[in-house]
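The chains referred to below are lettered A, B, ... by the order of the sequence lines, with proteins before strands, and numbering in each begins at 1.
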Amino acid sequence: MPAPRVLYWFRTDLRLHDSPALAAALALHPSVLYPIWCWDSHYVYHARVGPNRWQFLLGCLEDVSRSLTILNPSSKLLVLREPAVTLLPKLFKAWGITHLVFEKDTDSYAKERDGKVMESARQAGVEVVVGPQSRTLWDSEEVVKANGGKPTMSITQLQAAGKKVGPIARPIDAPKSLPGPGETGLGGIEQTRPVVEEGVGDINAKYRSSDEASYSSGIAGPDGTFSVPTLEELGMKPATTHIRGGESVILARLSQILSNDEEWAATFEKPKTSPAAFEPQSTFLTSPYLHFGALSARYFYHRVEDIVEKRRAEKKAVSTPPVSLTGQLLFRDMYFAAQSAIGYPFGQTYNNAHFDIKTGLVTGGYEVDSAVKEQEFIRWREGRTGFPWIDAIMRQLKLEGWIHHLARHAVACFLTRGGCYISWERGAEVFEEWLVDHEAACNIGNWQWLSCTAFYSMFYRCYSPVAFGKKWDDNGDYIRKYVPELKDMPKKYIYEPHKAPLKDQREAGVMIKGDGSEADSDGIPLYPKPMFDFPTQRDICLAGMKNAYKVGLHGDHPKVLDGTWKELFPDEAEGPTEGRVGGPGGMTTFEDADGDEGHHEEPVAATPKRSGRQSKASRAPESAKKGGHKREHSQGTLDGAFVKKAKS
DNA sequence: CTGTCGTTGGGTCC
DNA sequence: GGACCCAACGACAG
């Protein structure tokens, strides 16, 4: 039997250390090994990916390529500018491939894609080896099985299930040698240009100079060498973050931190790390590396756990899950397993058996259909809500692609159940676009958590846009950094600048005025007034949440599926009404101290209905649409039991 | 049925 | 800085 000719397909495992899938490829004793990366049109067109994450990914690709070349000068990462689904069947033939090897991926989209690729491999007589899922501590499907087939909805469930699955695999070493690739001639293969999915559209077009740029240079790239592209080749606008991708970057930093300060690593408690810290931030910032597989979760886990065990033996203090460093990895596994169990509906309320409608109420569940809400959403996204703590966080996110976990809590709570009462799905999309560490399972899961849609339900625990930030950063240094127009505002007013007397505003060189759409007025920098009165809005949210919990609708309820659910929420169905208070969506009016008008500008035109939501739902496999975990709505509160007004 | 717990709240009082 | 209250969810153990 001739020696195997192996295609190793890198995806979200952009590393050489602790890669069981790569080890499986090498265990075949291949005569040639083609390390490839395929330009996935889903990532280019349909997933929301801004320049910062693109740049991070490119850094990871370059790093892997360099490491491959170190192992074998004739090897490097072959970047193929075409999606795997159309390209691989052609490559199998052109390169005489006998085996395709890749790491298992339980992400909803990845499962669908890999299924298609495996089918085409079967037809081509190519053997497929799916390596163990190693971006998590345990295999997500095994965790689900151990959890009785149900999604893991709490950290205790995850821990119990993980225990049943078994010990977390010890990391394996990077390979010491590597076969080179064979002939890389494309032998007349025609590039199949990816198609923008109808109804979904090219979400990232705004970041590219040309729709055609990404695939215009053919499969092998502009110089025909399968090079890692640049942002320019992608037609992408420049990135703004200082965060750089790459396995060697994170391994070096991890070693440095873990050996320099074992105590810190062993006693780490997430809730005690400051969301307001910058340069340096208060946490490791491993998340983007974990997402792209530049850092193995298992390697990270065991490096930390070894230190913890050592200190435990020395009778020194250590922290434990869920607050410890390893606890953070457990949460990640919890979300991966939940996503794996639920599939497509995980990313939405619609058709999701596990999630209540709740914060989707006022937004129609699937789209913002109120001009006021849309305006609030835009102001939240762009960091001009008039709440400096919220605005600083959103501006850091947009600029750097990363914010602290607790900062994510603050802005997510504010947008959903603790401020605007806008659907978590809108916020999740912004994070998806801007985060360098965006991980669908974790992002969706955390948004559901913060909006009290799933995983968490104590909606009366609400973050204040003033008090929470002050707790960490009384002087407001974080705000001064990311909202520079407030940099000279006295400490007394830094979290609530609209309360500053005109004299203080003048001395601080800023005027608190308007809605943030104007940067300055006659050369004087402007910072907006709060877009609503927070305490009033918080009460409205609490009342809405109480009502929503009482009704207890789930995403797979017939009335949700057929769109008639609004009948059950008469207050919300009417939409925002001027001056109405006591129901979610009521437009609040308030006047501030100096008697100026409040936040109401002319409402912008309502945005058109977004096609993405519905088409994503309709794209879900039939099994997912019909299956799922039907839940009894036994409370008998569907008719007329909603709460019209919260007791105050 | 009751009581307790849940990674990370806020405000007041001492 | 800690104790306690606020108004109160759902999961789980007993």
- [ ] Please determine which of A/Lys487, A/Glu400, A/Arg395 meets the side-chain hydrogen bond (donor to acceptor under 3.5 Å, both in side chains) test together with A/Tyr482.
- [x] A/Glu400
Open item on the list: Salt bridge or not between A/Glu142 and A/Lys145? Use side-chain N to carboxylate O under 4.0 Å.
Closed with: no
TODO: Quickly, which of A/Phe268, A/Trp402, A/Phe300 forms a ring-ring contact (aromatic ring centres under 6.0 Å, His included) with A/Phe284? Name it, please.
DONE: A/Phe300
- [ ] Under 3.5 Å for both distances, Watson-Crick or G-U wobble, that's the pair rule; now give the dot-bracket for DNA chain B, with | marking pairs to another strand and [ ] for crossing ones.
- [x] ||||||..||||||
Task: Salt-bridge contact A/Glu376-A/Arg379 (side-chain N to carboxylate O under 4.0 Å) - done: no
Open item on the list: Please classify the nucleic acid contact of A/Trp449 as base, sugar-phosphate, or nothing, using heavy-atom distances under 4.0 Å.
Closed with: base
Task: Integer angstrom distance from the P of C/dA7 to that of B/dC1 - done: 25 Å
Open item on the list: I need the CZ-P distance between A/Phe459 and C/dG10, as an integer number of Å.
Closed with: 8 Å
Task: Integer angstrom distance from the C1' of B/dC5 to that of C/dA8 - done: 14 Å
Open item on the list: Any side-chain N or O of A/Lys546 below 4.0 angstrom from OP1/OP2 of C/dA8?
Closed with: yes
Task: Interatomic spacing from OG1 in A/Thr453 to CZ in A/Arg417 - rounded to 0.5 Å - done: 9.5 Å
Open item on the list: Quick check for you: name the first and last nucleotides of DNA chain B, 5' to 3', having an atom under 4.0 Å from a heavy atom of chain A.
Closed with: B/dG6 to B/dG11
- [ ] Report yes if the distance between the aromatic ring centroids of A/Phe56 and A/Tyr289 is under 6.0 Å, otherwise no.
- [x] yes
Interface polar pairs with nucleotides 3-5 of chain C, N/O, under 3.5 angstrom:
none

Open item on the list: Can you confirm whether the side chains of A/Gln133 and A/Thr136 place a donor and an acceptor under 3.5 Å from each other?
Closed with: yes
Open item on the list: Taking the basic N atoms (NZ, or NE/NH1/NH2) and the acidic carboxylate oxygens, is any pair closer than 4.0 Å for A/Lys316 and A/Glu263?
Closed with: no
Task: Flag for A/Asp391-A/Thr385: side-chain donor and acceptor within less than 3.5 Å - done: yes
- [ ] Take the protein atom NZ of A/Lys150 and the nucleotide atom P of C/dA11, then report the distance between them rounded to whole Å.
- [x] 11 Å
Open item on the list: Under 4.0 Å, heavy atoms only, any strand: does A/Tyr460 hit a base, just the sugar-phosphate, or nothing?
Closed with: base
Identify the pairs formed between an N or O of the protein and an N or O of nucleotides 12-14 of chain C at a distance under 3.5 Å, and give each distance.
from   : atom 1 : to       : atom 2 : distance (Å)
C/dC12 : OP1    : A/Gln157 : NE2    : 3.0

Open item on the list: Tell me whether the rings of A/Phe414 and A/Phe534 are parallel (<30°), tilted (30 to 60°) or perpendicular (>60°).
Closed with: parallel
TODO: Scan side-chain atoms only and decide if A/Arg303 and A/Ser255 contain a donor-acceptor pair under the 3.5 Å cut-off.
DONE: yes
Open item on the list: Without decimals, in angstroms, what is the distance between A/Ile155 CD1 and C/dA11 C1'?
Closed with: 15 Å
Task: Atom-to-atom span, CG of A/Asn547 to P of C/dA7 - whole angstrom - done: 19 Å
Open item on the list: By the salt bridge (Lys or Arg N to Asp or Glu O under 4.0 Å) test, which pairs, at least two apart or in different chains, include something from residues 440-454 of chain A?
Closed with: none
Task: Gap between atoms CE and P, on A/Met458 and C/dA11 respectively (whole Å) - done: 12 Å
TODO: For C/dG10 and B/dG10, measure between their P atoms and round to the nearest Å.
DONE: 22 Å
Open item on the list: Applying a 4.0 Å non-hydrogen cut-off, can you work out what A/Leu406 is touching in the nucleic acid: base, sugar-phosphate, or nothing?
Closed with: base
Open item on the list: What's A/Phe331 touching, base or sugar-phosphate or nothing? Going by heavy atoms closer than 4.0 Å.
Closed with: base
When the side chains of residues 330-339 of chain A are checked against the rest of the protein, which donor-acceptor pairs come out under 3.5 Å, sequence neighbours left out?
from     : atom 1 : to       : atom 2 : distance (Å)
A/Arg332 : NH1    : A/Arg135 : O      : 2.7
A/Arg332 : NH2    : A/Arg135 : O      : 2.8
A/Asp333 : OD1    : A/Leu137 : N      : 2.9
A/Asp333 : OD2    : A/Leu137 : N      : 3.1
A/Asp333 : OD2    : A/Trp138 : N      : 3.0
A/Tyr335 : OH     : A/Asn446 : OD1    : 2.8
A/Gln339 : NE2    : A/Asp107 : OD1    : 3.4

Open item on the list: Say we look at B/dG3 and C/dC5: how far apart would their P atoms be, to the nearest angstrom?
Closed with: 16 Å
Task: Between C/dA8 (P) and A/Leu542 (CG): distance, integer Å - done: 8 Å
- [ ] Could you check A/Asp473, A/Asp474, A/Asp477, A/Asp504 and say which one makes a salt bridge (Lys or Arg N to Asp or Glu O under 4.0 Å) with A/Lys491?
- [x] A/Asp474
TODO: Measure up the A/His438 and A/His291 rings against each other and bin them: parallel (under 30°), tilted (30 to 60°), perpendicular (over 60°).
DONE: tilted
